[in-house]
Amino acid sequence: MQSILPAVILICVVDSFLSHLSLYLYLSALLGPQMRWKKLWMVFPILVLVATGTNLAQLFAVEYIYIAYFLSSIVIYLVNLLIVWLMWERRLSRASICLTIAAILQVGTVTMLFTFLGEMGTDASDLVQYYSHMFIGYPGLTLLFRFLLNKAHLPQRIRVLMDRTKKPVRMAFCVLGLETLCEIFFLLKNTMQTYFFRTYFIGALMLMTGILFVLVYFSLKAESEARLQAQEALLSQQALYVQSLERIQQEMRDFRHDYKNLMSGLYVSAREGDLAPVQEMLKNMTGYFDEKVGEDIRRTTQLGNIRILELKGLVLTKLMEMQEQGIFCNLEVLYPVNRIDMEIPDVVRCLGILLDNAAEAAKETKKPEVDLMISSLESGVTIVVKNMVEEPPNLNRIWERGYSTKGEDRGLGLSIYRQVTGKYANVYQSASYQEPVFFQEWYVENRRGR
C-alpha cells in the first residue's frame with residue numbers, strides 16, 4: 001500500500017481538480033455574467049484540498065465505502081454551496097438549485113466518460129493512460145456538453161426556473177433528489193460487469209436527458225405562469241393608465257368650463273381698456289392650467305418614452321401610489337427607453353426598492369416630493385432617484401442588511417438592491433447626499449453584441 005500511496009494521492013488530487021473544474025464550468029454557464037472566475041481561483045485550492053481529503057478517506061474506509069461516499073458527497077456539496085452563496089448568489093435556494101444542477105451535469109459527464117473508457121486502474125503502470133484520459137477527456141467532454149447546452153439555450157431555461165418558481169425551497173429539494181438519483185446510478189457502475197458497460201452508458205445518457213427534460217418542463221411551466229401573471233398585471237396597469245387619461249379628460253372639461261368664464265371677464269376688461277386685470281387673469285389662467293392639466297399631460301408623455309412594458313407598469317403603479325399618499329413625483333424620461341442590459345425582473349425589483357424607499361422618506365418631510373429621472377443613451381441607461389430627507393443618511397451603513405432608522409425588521413431593501421446589481425459586471429450604482437437631498441444613481445452600461 002505504501003508503495004502506491006503517492007500515486008493514489010496524486011490521482012485523488014487530479015480527480016478533485018478536474019471534477020471541480022467541470023462543476024464550475026457548468027456553474028458558470030448557469031449563473032451567466034454574475035459568475036467571475038477571478039473570485040473562484042482564490043478558493044479553488046481549498047476546494048481541491050477538501051475533495052482530495054474526502055476521496056482519501058473513502059479509500060481508507062473500504063468496509064464502509066458507500067457510507068463514506070455519501071458523507072464525503074455531503075461535505076463537498078456544503079462547502080461548494082457556501083462558496084456559491086458567499087461569492088455569487090446570496091439567495092440560498094437559488095444558489096442550491098444552480099449548484100445542484102451543475103453537479104448533476106458534472107456527475108453525468110464523469111459517469112459517461114468512465115463508462116466509455118472502461119474501468120480505470122491506479123497502478124503506476126496505468127498512470128500515463130489515466131492522466132491522458134482525465135486531462136483530455138474530462139474537460140473536453142465538459143466543454144462539449146456545455147457548448148451543446150448553450151446552443152439549446154438550457155442555461156436560460158434554468159435561470160427562468162430559478163427566477164420564477166413560486167416555491168424555490170421545494171424546487172431546491174426536488175433538484176437535490178434528482179442529483180442523489182444520479183449519484184446512486186454512478187455508484188452502480190462499480191457493481192457491473194464490463195460487458196454491461198455499453199448498456200450502462202446508454203442508460204446514463206437517457207437518465208441525463210430525462211432529468212434535463214424534467215427541468216425544462218418545470219421552467220416552461222413557471223414561465224407560463226409568470227407570463228399569465230404579467231398579462232394580468234399589464235391589464236391592471238392599462239386600467240390605471242386609462243384612469244389617468246380619463247382624469248386628464250375630465251380636468252380638460254373643467255378647464256374649458258372655467259376658461260369660458262375667464263374669457264368673458266377678460267373681454268369686459270379689454271373693452272374698457274383696463275389691461276392690468278387682463279394680464280393678471282392670463283397669468284392666473286396659465287398657472288391654473290399647469291396645476292390642473294399640464295402636469296398630468298407631461299407625466300403621460302414621459303411615461304410614453306418608457307418602451308419596456310414591465311418597467312412602464314412599475315413606474316405607473318408607483319406614481320399612482322405616491323399620488324394617493326400625497327407625494328408629488330416629478331418624472332423625467334430623456335429619450336425612448338427600449339433596452340436595459342439587465343434581466344427585466346431585476347430592473348423592476350431594484351427600481352421598486354428605490355422608489356419605495358424614496359416615498360417612505362419623503363413622507364416624513366414638510367414637502368413630500370420624489371424625483372425620478374431615466375436617461376437612455378447609446379452607451380447605456382442612467383436612473384436617478386432623489387428625495388428630501390429629514391436626517392442625513394449614514395452612507396457607510398445604508399447597504400448593511402437590517403440597518404434602518406425606522407426601527408426593527410426594516411433595512412432589507414438597499415442590501416437586496418446592492419446584491420442584485422452586484423451580479424452584473426456592467427452595472428454601477430452609487431449613493432450621495434447634498435443637504436437636504438438624498439441621491440441614488442444607477443447606471444447600466446450597454447454590452448456590445450446584444
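Numbers for residues simply follow the sequence, beginning at 1. Keep in mind that the numbers below use all heavy atoms, side chains included, and drop hydrogens, waters and symmetry copies.
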When rounded to the nearest 0.5 angstrom, what distance separates [atom1] in [X] from [atom2] in [Y]?
{"X": "S376", "Y": "N305", "atom1": "OG", "atom2": "CG", "result": "9.5 Å"}
{"X": "L331", "Y": "F328", "atom1": "CG", "atom2": "CZ", "result": "9.5 Å"}
{"X": "T382", "Y": "L334", "atom1": "OG1", "atom2": "CG", "result": "9.5 Å"}
{"X": "E441", "Y": "L354", "atom1": "CD", "atom2": "CG", "result": "11.5 Å"}
{"X": "M171", "Y": "R94", "atom1": "CE", "atom2": "CZ", "result": "13.5 Å"}
{"X": "L414", "Y": "Q429", "atom1": "CG", "atom2": "CD", "result": "9.0 Å"}

Those residues that, when tested against E445, pass salt bridge (charged side-chain N to carboxylate O under 4.0 Å, His left out) (two or more places apart):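 By the salt bridge (charged side-chain N to carboxylate O under 4.0 Å, His left out) rule, E445 matches no residue at all.
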Salt bridge (charged side-chain N to carboxylate O under 4.0 Å, His left out) involving K367 - partner list, sequence neighbours excluded: E369
Beyond-backbone contact of [X] with [Y], side-chain heavy atoms, under 4.5 angstrom:
{"X": "I344", "Y": "L311", "value": "no"}
{"X": "K386", "Y": "Q440", "value": "no"}
{"X": "I104", "Y": "M208", "value": "yes"}
{"X": "L92", "Y": "L81", "value": "yes"}
{"X": "V337", "Y": "R307", "value": "no"}
{"X": "V110", "Y": "S19", "value": "no"}
{"X": "N150", "Y": "P155", "value": "yes"}
{"X": "D341", "Y": "V427", "value": "no"}

Take atom [atom1] of [X] as the centre, draw a 6.0 Å sphere, and report whether it contains more than 12 heavy atoms from other residues, nucleotides or ligands.
{"X": "F439", "atom1": "CZ", "value": "yes"}
{"X": "Y428", "atom1": "OH", "value": "yes"}
{"X": "R170", "atom1": "CZ", "value": "no"}
{"X": "Y443", "atom1": "OH", "value": "yes"}
{"X": "F218", "atom1": "CZ", "value": "no"}

Can you see which heavy atom on [X] is nearest to which on [Y], and at what distance?
{"X": "S16", "Y": "V48", "answer": "CB-O, 3.8 Å"}
{"X": "A359", "Y": "I327", "answer": "O-CD1, 3.4 Å"}
{"X": "V370", "Y": "A362", "answer": "CG2-CB, 3.9 Å"}

Audit row: L105, L149, side-chain contact (heavy atoms from CB on, under 4.5 Å) steps and yes/no: CA-CA 10 Å; L105 294 169; L149 293 173; 3.8 Å; yes
Could I get the full list of side-chain contact (heavy atoms from CB on, under 4.5 Å) partners for [X], not counting sequence neighbours?
{"X": "A102", "value": "L23, Y26, L27, L30"}
{"X": "S72", "value": "T54, Q58"}
{"X": "L181", "value": "L207"}
{"X": "D346", "value": "M342, E343, V420, K423, Y424"}

Residue pairs involving residues 100-115 (criterion salt bridge (charged side-chain N to carboxylate O under 4.0 Å, His left out); sequence neighbours excluded):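 Salt bridge (charged side-chain N to carboxylate O under 4.0 Å, His left out) check on residues 100-115 returns no pairs.
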Pair N387-V389, side-chain contact (heavy atoms from CB on, under 4.5 Å): steps then yes or no: CA-CA 6 Å; N387 59 277; V389 292; 3.4 Å; yes
S28 and R146 side chains, donor-acceptor separation under 3.5 Å: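 Yes, a side-chain donor-acceptor pair sits under 3.5 Å.
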Side chain to side chain donor-acceptor pair (under 3.5 Å) partners for Q106, two or more places apart: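 Side chain to side chain donor-acceptor pair (under 3.5 Å) list for Q106, sorted by chain: Y138.
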Qualifying residues under side chain to side chain donor-acceptor pair (under 3.5 Å), relative to K318, sequence neighbours excluded: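 Result, side chain to side chain donor-acceptor pair (under 3.5 Å) vs K318: D356.
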Residues forming a ring pair (Phe, Tyr, Trp, His ring centres under 6.0 Å) with F17, sequence neighbours excluded: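 Checked F17 against ring pair (Phe, Tyr, Trp, His ring centres under 6.0 Å); matches are F44.
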Given L351, V333, L319, the one that forms side-chain contact (heavy atoms from CB on, under 4.5 Å) with L372: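 When side-chain contact (heavy atoms from CB on, under 4.5 Å) is applied between L372 and each of L351, V333, L319, only L351 qualifies.
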Full working for side-chain contact (heavy atoms from CB on, under 4.5 Å) between C182 and I211: CA-CA 9 Å; C182 285; I211 289 175; 3.3 Å; yes
Please tabulate, for the side chains in residues 73-80, all donor-acceptor contacts under 3.5 angstrom to protein atoms that are two or more places apart in sequence or on a different chain.
| from | atom 1 | to | atom 2 | distance (Å) |
| --- | --- | --- | --- | --- |
| S73 | OG | Y69 | O | 2.8 |
| Y77 | OH | S96 | OG | 2.9 |
| Y77 | OH | T100 | OG1 | 2.8 |
| N80 | OD1 | Y24 | OH | 2.6 |
| N80 | ND2 | H20 | NE2 | 3.3 |
| N80 | ND2 | I76 | O | 2.7 |

Any donor-acceptor pair under 3.5 Å from T180 side chain to L176 backbone: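 Side chain of T180 to backbone of L176: a pair is present.
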T421 and C350: CA distance, side-chain angles, deciding distance, side-chain contact (heavy atoms from CB on, under 4.5 Å) verdict: CA-CA 8 Å; T421 56; C350 290; 3.9 Å; yes
